[in-house]
Novice: 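Structure provided below as structure tokens; questions to follow.
Heavy atoms only: backbone and side chains are in, while hydrogens, waters and symmetry mates are out. Labels below follow one simple rule: chain letters A, B, ... track the order of the sequence lines, proteins then strands, and each chain is numbered from 1.
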Amino acid sequence: MRLLTHNMLSCNIKGVTNGFPLRLEVEKFVEKEVDFSAEFLRNIFPKIEWKALVDASRSMGYSQLPDEADSSMLDSDDFLKKFHHALLELHLEEGVLICPETGRRFPVNKGIPNMLLHEDEV
Amino acid sequence: MNTLFRTTESPFLQYLNQPSTSDRRRRISSLPVRIGLGRSTRTGLAKTTTRMMASSSSAATETVGREVLKKGIADFYDESSGIWEDIWGDHMHHGFYNPDVQASISDHRSAQIRMIEESLSFAGVPEDSLKKPKSIVDVGCGIGGSSRYLARKYGAQCQGITLSPVQAQRAQALAAAQGLADKVSFQVADALQQPFPDGQFDLVWSMESGEHMPDKKKFVSELARVAAPGATIIMVTWCHRDLSPSEDSLKPEEEKLLNKICDAYYLPAWCSAADYVKLLQSLSLQDIKAADWSQYVAPFWPAVIRSALTWKGLTSLLRSGWKTMKGALAMPLMIEGYQKDLIKFAIITCRKPK
């Protein structure tokens with residue numbers, strides 16, 4: 001699971017208002033090389049919840065992202081490379097996604113999150 | 001909303017005790033999945049549900065029913081996905097054919113691709129680089145055929161969700177093999193509780209998954225919820241014929257036929273295309289369009305049957321398992337349903353207001 005995907009996932013248990021972002025518990029992660037596209041990064045930047053990305057990348061052991069970011073930083077090649085690496089190249093293979101409000105644990109196996117709810121959570 | 005749906009009750013899942021008419025009316029608006037007795041042949045699944053039913057309240061009944069259905073769907077696709085892919089490839093949906101044409105086996109894959117393109121065209125999805133979709137959700141994604149196709153076509157990011165862990169893994173593996181791992185990703189999740197915040201996607205795609213949804217209202221609300229302002233929603237799904245104004249329900253023999261199909265394919269109750277349109281209207285969605293494409297998919301089931309009767313088809317079926325075989329045996333019922341104008345292949349599309 002890439003952190004781009006993590007940035008879109010939220011806990012949808014009934015009654016939960018604060019289901020995003022999910023905390024990461026990392027058992028196994030890999031780094032995969034992905035083709036760099038500055039244009040893609042510039043287009044996706046406005047849709048990214050920055051703090052969630054920073055926290056998620058830190059839990060994967062990558063702490064090179066600045067705490068805050070604004071669009072002027074998209075002119076910097078150095079920033080784009082770090083953004084690219086965190087967003088697309090860090091993959092959670094085995095671990096858990098944890099709802100910030102309820103603590104509910106969603107497993108990630110072989111890179112695939114299982115977000116199915118139990119019937120009493122619906 | 002209570003009398004919105006006049007629809008079949010899935011016999012796969014029926015009340016152990018027949019509900020009173022007033023019970024039925026109250027429940028119709030959410031088209032619940034109901035648990036119950038088996039049919040003339042008791043399967044393991046029916047036995048399990050009967051035992052679970054023994055001391056349940058009706059609310060718990062519905063809850064257990066949903067779980068049984070979801071597991072049934074997941075297991076069915078876990079078991080049968082491989083054999084389908086082996087014979088038909090990575091698109092698990094009908095092809096779109098010129099009417100009255102006898103299609104050869106090599107035409108089918110291009111017909112399945114044409115189904116995707118005709119659906120996008122019907123819905124008026126923009127193609128220019130500014131307005132084309134950048135973020136797509138594939139609801140009931142199977143092994144990701146549509147997800148990969150759409151991601152490639154628009155250069156977009158696509159998220160796929162499926163109940164089947166086997167399908168999700170296969171979808172991801174195919175994406176990686178095709179160099180699309182950076183564009184598409186797959187999750188095991190429930191279309192009735194999509195794990196996404198509101199307004200995430202420019203294109204919300206449901207290709208032949210709606211028939212599995214036990215609560216059509218919830219299904220459609222979730223599609224609308226995750227759609228961004230201005231997004232296009234496309235549903236291609238199996239429906240029963242629209243009821244005429246004087247009708248309260250389908251005829252008994254029609255219900256009987258659909259019930260047999262429900263049983264084999266893990267489908268809860270059916271509704272009509274008109275029912276979907278009413279749901280979309282109730283959610284204030286715009287540009288609602290619906291069409292009956294049954295004539296354009298007519299060659300499909302005969303072709304699937306022919307493929308099952310080949311040496312490869314038969315040996316694969318025997319190896320794959322009982323659920324898959326039951327599904328295969330139900331194929332002539334689908335043809336019967338289409339021929340009787342009972343089953344309709346419908347496309348329903350709309351836009352989320354800006």
Novice: Looking at A:Met8 and B:Phe201, what are the two nearest heavy atoms and their distance?
Specialist: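 Looking at all heavy atoms of both residues, the closest pair is SD-CE2, 4.2 Å.
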Novice: In terms of heavy-atom proximity below 4.5 Å to chain A, should B:Gln194 be classed as side chain, backbone, both, or neither?
Specialist: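 The answer is the backbone of B:Gln194.
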Novice: Which bit of B:Val184 comes within less than 4.5 Å of chain A, counting heavy atoms only: side chain, backbone, both or neither?
Specialist: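 Looking at B:Val184, just its backbone touches chain A.
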Novice: Counting heavy-atom pairs closer than 4.5 Å to chain B, which one of A:Met115, A:His118, A:Glu121 comes out on top?
Specialist: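 The residue among A:Met115, A:His118, A:Glu121 with the greatest pair count is A:Met115.
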Novice: If we define contacts as heavy-atom pairs under 4.5 Å, which of B:Asp182, B:Ile161, B:Leu192, B:Leu163 has the most with chain A?
Specialist: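 Between B:Asp182, B:Ile161, B:Leu192, B:Leu163, the count favours B:Asp182.
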Novice: Tell me the residues of residues 89-114 of chain A whose non-hydrogen atoms fall below 4.5 Å from those of chain B, in number order.
Specialist: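 Under the 4.5 Å heavy-atom cut-off, A:Asn109, A:Lys110, A:Ile112, A:Pro113, A:Asn114 qualify.
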Novice: Nearest heavy-atom pair of B:Glu67 and A:Leu117: which atoms, and what distance?
Specialist: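 That closest heavy-atom pairing would be OE2-O, 4.5 Å.
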Novice: State, with a plain yes or no, whether a side-chain heavy atom of A:Arg2 is found less than 4.5 Å away from one of B:Ser185.
Specialist: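 In short, these two side chains touch, coming nearer than 4.5 Å.
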Novice: Side chain, backbone, both or neither: which part of B:Lys218 has a non-hydrogen atom closer than 4.5 Å to chain A?
Specialist: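 It is neither, since no heavy atom gets under 4.5 Å.
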Novice: NZ of B:Lys70 to CD of A:Glu119: how many Å apart, nearest 0.5 Å?
Specialist: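 Those atoms lie 4.5 Å apart.
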Novice: Just verifying a value: how many Å separate A:Leu116 CG and B:Lys71 NZ, rounded to the nearest 0.5 Å?
Specialist: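 Result: 12.0 Å between the selected atoms.
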Novice: According to the ring pair (Phe, Tyr, Trp, His ring centres under 6.0 Å) rule, which pairs have a member within residues 209-229 of chain B, sequence neighbours left out?
Specialist: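 Sorted result for residues 209-229 of chain B: B:Tyr77-B:His212.
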Novice: Ignoring hydrogens, what is the shortest heavy-atom contact between B:Pro197 and A:Ser10? Give both atom names and the distance.
Specialist: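 Closest heavy-atom pair between B:Pro197 and A:Ser10: N-OG, 3.7 Å.
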Novice: Non-hydrogen atoms of chain A under 4.5 Å away: do they reach the side chain of B:Gln159, the backbone, both or neither?
Specialist: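 Side chain of B:Gln159 only, per the 4.5 Å heavy-atom cut-off to chain A.
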Novice: Among B:Lys134, B:Gln169, B:Gln200, which has the most heavy-atom pairs under 4.5 Å with chain A?
Specialist: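 Heavy-atom pair counts peak at B:Gln169.
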Novice: Take atom CD of A:Glu49 as the centre, draw a 6.0 Å sphere, and report whether it contains more than 12 heavy atoms from other residues, nucleotides or ligands.
Specialist: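 Check fails, neighbour count at 12 or below.
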Novice: Quick one: OG on B:Ser135 to NZ on A:Lys47, what's the gap to the nearest 0.5 Å?
Specialist: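 Output value for this atom pair is 5.0 Å.
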Novice: With a strict 4.5 Å heavy-atom criterion, list every residue of residues 16-43 of chain A that contacts chain B, or say none.
Specialist: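 Within residues 16-43 of chain A, the residues that come under 4.5 Å of chain B (heavy atoms only) are A:Val34, A:Phe40.
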Novice: Name the region of B:Ala181, side chain, backbone, both or neither, that has any atom closer than 4.5 Å to a heavy atom of chain A.
Specialist: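 The backbone, not the side chain.
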Novice: Which one, B:Pro165, B:Gly155, B:Gly179, B:Pro195, leads in non-hydrogen pairs under 4.5 Å with chain A?
Specialist: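 Winner by heavy-atom pair count: B:Pro195.
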Novice: In residues 69-80 of chain A, which residues are in contact with chain B at a heavy-atom separation under 4.5 Å?
Specialist: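 Answer by number: none.
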